[in-house]
Amino acid sequence: MTLLLKLSQLIDWLNERVGKGAFWLVLIMTVISAGNASIRFVFDTSSNGLLEIQWYLFAAIFLLCAPYTLQKNEHVRIDVLSGKLSPRGLAVIDIIGTLFFLLPMVVAVLWLSLPLVAESYRIQEMSANAGGLIRWPVKILLPIGFTLLALQGLSELIKRIAFLAGRIEDPNSKPKGPTPEEQLAAAIAAAKAQEAK
Amino acid sequence: QSLPNIKWRLTSSFPKSLDTIYGGADVLANRLREMTGGKFDIRVFPGGEIVPGLQALDAVQQGTVEVCHTCSYYYVGKDKTFGFGTSVPFGMNARQQNAWIYYGGGQKLLDDFYANYNVVSFAGGNTGTQMGGWWRKEVKTVADLKGVKMRIAGLGGTVFAELGVVPQQIAGGDIYPALEKGTIDAAEWVGPYDDEKLGFYKVAKNYYYPGFWESGPAIHFFVNKKEWDKLPKEYQAAFQAAAYEANVTMMAEYDHKNPIALSSLLRNGVKLQAFSDEILNAAYQATQQVYADESGKNPAFKKIYTEWEKYRKTQNAWFSVAEMRMDRFLQSRK
Amino acid sequence: MEWVIANMAPLMFGALVLFLLFGYPVAFALAANGILFGLIGIELGLLQPALFQALPERIFGIMANDTLLAIPFFTFMGLILERSGMAEDLLDTIGQLFGPIRGGLAFAVIFVGALLAATTGVVAASVISMGLISLPIMLRYGYDKRLATGVIAASGTLAQIIPPSLVLIIMADQLGRSVGDMYEGAMVPGLVLTGLYVGYVVLITIIKPSAAPALPPEARTLRGSKLLLRVLTALVPPLVLIFLVLGTIFLGIATPTEGGAMGAAGALILAVSRKRLTWQLTRQAMETTGKLSAFVIFILVGSTVFGLTFRAVDGDLWVEHLLLSLPGGEIGFLVVVNIMVFLLAFFLDFFELAFIIVPLLAPVADKLGIDLVWFGVLLAVNMQTSFMHPPFGFALFYLRSVAPPAIKTTDIYWGAIPFVCIQLIMVALIITFPNLVSYGDEHQKELQRMERDGTAPPPAGLDTLIPQGTDDEQSSDNADLLKGLQGDAK
Ligand code: NA
Ligand code: NA
């Protein structure tokens, strides 16, 4: 169990790194999109590559952030019924869900995507558009993202089992400390106090 | 002995709204059911229902579905050689394309190439020479093309880029508003019948012709090689006959519908414009350069291009005789 | 076993409800339902395992769908507005301005919602940014939780009916009509619907004033010229952003999708210039955008797994059979279709509805002589409820994800119900007053009708296209070409 918990910590660490790295792509994607539109308008020049890199980046964002989102328990649930359950009950739901809902789909898609990525790499597939980009770097994001997601599922599984065994605290409990909204309220209050001086 | 019941799925690259092109797959499926007493049953799915429209060939290659109805030139990103099956810039017209595929050695050349992708092909429709798209401003000279932002895919975009056009493959839903406001200056689609439905004429009045990048684009059925080989001979023959029919009727249907749509467009104030000789010449030169460059680095492309170009020239000469004289004479009689 | 095969589609629906209620994330419950029934289908011989190979292709399709870029752009813009406090300033100030009026904040939300709707066609982006911006403020001023969440979710779904709109684009595509006509036709219904929302809030302020209070006098700290100045300064950022989003689209600088990026970039620059932006805030905004994008797109991923199996087990044919057993008559057809779409919207999201139902309905409607643009707008308004239906409306999921824990999920559900009713009233209005949907000019529609019926006047103008001149001038010199031919023969 200790070894498994170490593995879980390692996976969490990895996906937090990956997720937090991928967030920066939001800024880059925004700048490219707004920049491309402005330059196209002013200088009448652009390229399909600049359009395609935007959805490449977005694919990277949602695929690489999904495992971290799972770790933070922020994939949306319908908690009408389960909301009334105890932490232990929720942990059981998550164990069943991870084993029978998450992992089969993730592993199936991961497995089935490999030949497509390999084929894209073999023929060095390009965009069909003039000035477009090479395709395998975006296609390979699918198996990478789903591998990380499968690992995160494994980590969540370990944590729920460890919780039921009394080894760790409830992994579903919200992290301590202020929420972003509370931080915002504090920041605004501070700014107002500053103005008042 | 009695023939087996066979159920196939066909993924089309086209939405149902492109009813004429999409209908080609229905022609195939309906005829096959009629010819085999319902035993060979192909269910047709519009683009996106099983796999996205532009990934239809991949789905057949992987065996996800047995057959698809698509344009080979959607896959020029895999290999520019895919252009020839449907159409490459300054290529052949619909009849010449049929002549090449059916009798000019085209089928063999194409299927040898498609073998790398685990599929066999059957011509299954044609739109005829397409239109050159909707332009907000007139373009008379090559200089007018500089900086024109156009939504155009594939090799046509590559050729236009050589002339200073900025190809911008913006999101499908953005085309209409972007063309309306001038974010892009031009967009091309098919011909009068399909173009009218998109309503581009309301926001870009200059309707140019010809779409020199699509002079006779053939639509194809691609069948997974393994599935094809498994078919009883009788079904193979029936499939082939049904594909011939789809090929002939689609072209006839377009030839019937396009003049009606064009006259409706003209009544709506569309300004019909021919690309000038200067623009066509420059585009033709740029195209030859693209072919030379690609032939230099892509043996598969070079192999088909060499044969294809010879055939095109012969066809061109023949069409300049009886066909052209007859057309021109009748067109000059009101 | 025969019974199972014949009823795969309703069984799938039933199981989906159970799977979703189980409480595991929606994205994976949807997918698991698709996988499970896919396996059952393979076992029963309804489909081949190879069909699953379509899954990665379909997910690549989602990755390559550049329309979805609007989601992160508008979310990021909303977050920067919120995190930098500029949105709060705006709504605060509008709150001050509408101070004495009951329901003032709710009106502001509807107004802002309609404005956002005019910039984006994606419900997710609209609901998320509205929820982030307005919900905390409404709660602080003592609004009823249900009214607040209902107003926000409903105003967010306006994005789907006020052009530009993803729904209308898909609808136009499925009906074979022009996107421009759909946009034109949806404009008035979109505005009327906005008006109905406003009317509902007015009603609430009369019936139950405590649900939508006026600002308390002590909260109205600004008066007179001070308030005027504050209004002017607080209005600057949103006006700049509206210009950046709407103006750049209107001036032909950006596409509607890129407009979102223009707005987000503008929000960043504004926040920096007002010294409201820290690295921490930017990181938070990026992180939230990333996580929201991940869960929104993964719901799409889940439903694409579900949708593949649903089609593979002939679920779409099952729906078709339902349709074919409809009673005749135009009004009968419309009423039954709308009830059916409304009920199916409990289970299916808009995209599945549009792809499965619309192609089946359109030919029947066309045969009954129903104008397809009108029909499309009608369905779009009805399908809007699919975003608002408790418990599976996607707008409600999105709102849940950004609502503070103090808001219970049941609050969101109850809050949505009145607005679902309003949307149904709108459906009835469109059926009763078909002229609400107007587009194109009558002359052109008449011509199109005649052309479809084959009664159009002879093609005018086509003969004038033929080049003038004698046939001698027309005959081109083909001697070179023929020489080439002879060369070939040698
Ligand atoms: Na075209
Ligand atoms: Na909208």
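Note that this is a predicted model, so its numbers are computed, not measured. Letters A, B, ... are given to chains in the order of the sequence lines, protein chains preceding strands, and every chain is numbered from 1.
- Atom NZ of residue C:Lys291 and atom CG of residue A:Leu70 lie 12.0 Å apart, to the nearest 0.5 angstrom.
- Heavy atoms closer than 4.5 Å to chain C are found nowhere in A:Trp111, neither backbone nor side chain.
- Note on A:Ala59, A:Pro104, A:Pro115, A:Ser33: by heavy-atom pairs under 4.5 Å with chain C, the leading option is A:Ser33.
- Minimum heavy-atom separation, C:Phe60 to A:Leu116: CE1-CD1, 3.8 Å.
- Of the listed residues (C:Tyr413, C:Phe397, C:Phe73), the greatest number of heavy-atom pairs within a distance under 4.5 Å of chain A belongs to C:Phe73.
- Heavy atoms closer than 4.5 Å to chain C are found in the side chain of A:Leu51, but not in its backbone.
- Taking a 6.0 Å sphere around CG of C:Leu18, one finds it holds more than 12 heavy atoms contributed by other residues, nucleotides or ligands.
- When heavy atoms are compared at a cutoff of 4.5 Å, A:Ala66 approaches chain C by way of both its backbone and its side chain.
- In this structure, chain C has no heavy atom under 4.5 Å from any part of A:Tyr56.
- For the set A:Val109, A:Val42, A:Thr98, A:Leu64, the count of heavy-atom pairs under 4.5 angstrom toward chain C peaks at A:Thr98.
- Closest approach of C:Gly23 to A:Ile93, counting heavy atoms only: C-CG2, 4.4 Å.
- Counting only heavy atoms from C-beta outward, the side chains of C:Leu36 and A:Phe100 never approach each other to under 4.5 Å.
- Interface remark: of the candidates C:Phe52, C:Tyr24, C:Phe28, C:Tyr24 forms the most heavy-atom pairs closer than 4.5 Å to chain A.
- Applying the side chain to side chain contact (heavy atoms under 4.5 Å, CB included) rule to C:Phe243 yields the partners C:Leu251; only residues at least two apart in sequence or on another chain are considered.
- A side-chain contact (heavy atoms from CB on, under 4.5 Å) with A:Phe23 is found for one member of C:Gln284, C:Arg283, C:Met286 and no other, namely C:Met286.
- Between chain A and the options C:Thr409, C:Val26, C:Ile35, C:Ile253, the largest number of non-hydrogen pairs under 4.5 Å is found for C:Ile253.
- Environment of CH2 in A:Trp24: crowded, with over 12 heavy atoms of neighbouring residues, nucleotides or ligands closer than 6.0 Å.
- Heavy atoms only, all atoms of each residue included: C:Glu258 and A:Asn36 are closest at OE2-ND2, 3.8 Å.
- C:Asp66 has its side chain out of reach of A:Gln54: every pair of non-hydrogen atoms, C-beta onward, lies at least 4.5 Å apart.
- A heavy-atom distance below 4.5 Å is not found between the side chains of C:Ile62 and A:Trp55.
- The contact between C:Ile59 and chain A is made entirely by side chain atoms (from C-beta outward), counting heavy-atom distances below 4.5 Å.
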Decide yes or no on side chain to side chain contact (heavy atoms under 4.5 Å, CB included) for C:Leu268 and A:Val31, but give the supporting numbers first.
CA-CA 10 Å; C:Leu268 277 171; A:Val31 169; 5.6 Å; no
Does A:Lys72 form a salt bridge (Lys or Arg N to Asp or Glu O under 4.0 Å) with C:Glu287? I'd like the steps, not just the answer.
CA-CA 12 Å; A:Lys72 293 286 164 192; C:Glu287 173 159 348; over 6 Å; no
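- Side chains of A:Arg40 and C:Thr255 form a contact here, defined as non-hydrogen atoms less than 4.5 Å apart.
- In terms of heavy-atom pairs under 4.5 angstrom with chain C, the leader among A:Ala37, A:Pro67, A:Ser113 is A:Ala37.
- Of the listed residues C:Thr248, C:Leu21, C:Val305, the one with more heavy-atom pairs under 4.5 angstrom with chain A than any other is C:Leu21.
- Under the 3.5 Å distance criterion, the side-chain polar atoms of A:Glu74 are left unmatched by any main-chain donor or acceptor of C:Ser401.
- Only the side chain of A:Leu149 comes within contact range of chain C, with at least one heavy atom under 4.5 Å from a heavy atom of that chain.
- C:Phe19 touches chain A through backbone and side chain together, each having a heavy atom under 4.5 Å away.
- Contact record, A:Phe58 with C:Pro72: CE1-CG, 3.3 Å, taken as the closest heavy-atom pair.
- For A:Phe101 and C:Phe22, the ring centers are positioned less than 6.0 Å apart.
- Interatomic distance, CG of A:Leu110 versus CG of C:Leu55, reported as 12.5 Å (0.5 Å rounding).
- Contact detail for A:His75 and C:Ala294: the closest heavy-atom pair is CE1-O, 4.1 Å.
- The nearest pair of heavy atoms linking C:Ala264 to A:Thr30 is CB-CG2, 3.6 Å.
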Test A:Phe62 against C:Ile71 for side chain to side chain contact (heavy atoms under 4.5 Å, CB included), laying out the working first.
CA-CA 11 Å; A:Phe62 72 77; C:Ile71 294 174; over 6 Å; no
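- In this structure, C:Ile297 and A:Leu63 have side chains that are not in contact, with every pair of non-hydrogen atoms separated by 4.5 Å or more.
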